[in-house]
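Only one structure is covered here, and it is reproduced in the block below.
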Amino acid sequence: MLSNETRLKILFLLENNALDVSTIVKELDLEQSTVSHQLSLLKKHQLVSVERDGKRILYSLRDPHILTIVEMAYNHGSHVLKHQGHHYPSNQLL
């Protein structure tokens, strides 16, 4: 689920605000069908929540920790590509 650039962009866009599909479409300059499809997948895999506000349907992060996981994976990949070691205190690995 986290290997798709569009889904990652949507998750980061939802970091601080619940948004409707049309706002996400506008912010990411994507087709409505693309955004709706990706939101459906994110919802199916419980990464986003859906809430009705009148006629609007708002999407929000189900658990903000998902962005921490994405950032950690990105940082790990960056270290690997640069052939840099990881220097963590041994007590953080448990």
Side-chain angles (χ1 to χ4, degrees):
M1 283 308 301
L2 300 177
S3 64
N4 179 280
E5 181 180 355
T6 299
R7 288 192 291 264
L8 290 172
K9 287 178 180 180
I10 291 170
L11 291 173
F12 278 99
L13 191 59
L14 297 174
E15 182 174 15
N16 297 311
N17 301 303
L19 301 172
D20 61 14
V21 173
S22 60
T23 302
I24 297 169
V25 165
K26 183 178 177 183
E27 289 291 321
L28 298 180
D29 193 29
L30 294 169
E31 295 292 326
Q32 188 271 334
S33 60
T34 300
V35 171
S36 292
H37 176 70
Q38 298 305 329
L39 284 168
S40 175
L41 290 172
L42 291 168
K43 180 183 172 195
K44 177 182 176 183
H45 292 279
Q46 301 178 3
L47 296 176
V48 298
S49 297
V50 179
E51 179 183 334
R52 185 173 289 280
D53 180 27
K55 292 184 178 184
R56 292 178 5 160
I57 297 176
L58 298 174
Y59 293 86
S60 59
L61 285 180
R62 187 170 182 139
D63 183 351
H65 289 105
I66 193 64
L67 296 180
T68 302
I69 293 168
V70 171
E71 289 172 356
M72 290 176 73
Y74 176 81
N75 289 336
H76 173 72
S78 178
H79 279 112
V80 169
L81 290 173
K82 295 176 183 175
H83 304 289
Q84 296 173 338
H86 299 280
H87 305 288
Y88 299 111
S90 59
N91 63 348
Q92 283 188 346
L93 298 176
L94 299 176

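Remember, predicted model here, so these are calculated numbers, not experimental data.
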Original post:
Are any non-hydrogen side-chain atoms of Asp20 and Tyr59 less than 4.5 angstrom apart?
Top reply: no
- Please examine the side chains of Leu11 and Leu2, heavy atoms only from C-beta on, and report whether any two atoms are closer than 4.5 Å. yes
Side chains of Glu27 and Thr23: any donor to acceptor distance under 3.5 Å?
no
Heavy atoms of Met1 and Leu47 approach each other most closely as CB-CD1, 4.1 Å
Shortest non-hydrogen pair, Gln38 vs Thr6, comes out as CG-CG2, 3.8 Å
Sorted by chain and residue number, the side-chain contact (heavy atoms from CB on, under 4.5 Å) partners of Glu71 (sequence neighbours excluded) come out as Phe12
Say you draw a straight line from [atom1] of [X] to [atom2] of [Y]; how long is it, rounded to the nearest 0.5 Å?
X: Leu39; Y: Ile57; atom1: CG; atom2: CD1; value: 10.5 Å
X: Leu58; Y: Ser49; atom1: CG; atom2: OG; value: 11.5 Å
X: Lys26; Y: Ser22; atom1: NZ; atom2: OG; value: 9.0 Å

Look at the side chain of Asp63 and the backbone N and O of His65, then say whether any donor-acceptor pair between them is shorter than 3.5 Å. yes
- Query: If only atom types and distance count, is the side chain of Arg7 paired as donor or acceptor with the main-chain N or O of Leu42 below 3.5 Å?
  - Reply: no
Applying salt bridge (Lys or Arg N to Asp or Glu O under 4.0 Å) to Arg62 and not counting sequence neighbours gives none
Applying salt bridge (Lys or Arg N to Asp or Glu O under 4.0 Å) to Lys9 and not counting sequence neighbours gives Glu5
Check your understanding: So if you build clusters from Ile, Leu, Val, Met, Phe, Trp, Tyr with side-chain heavy-atom gaps below 4.5 Å, do Val48 and Ile69 land together?
Key -> yes
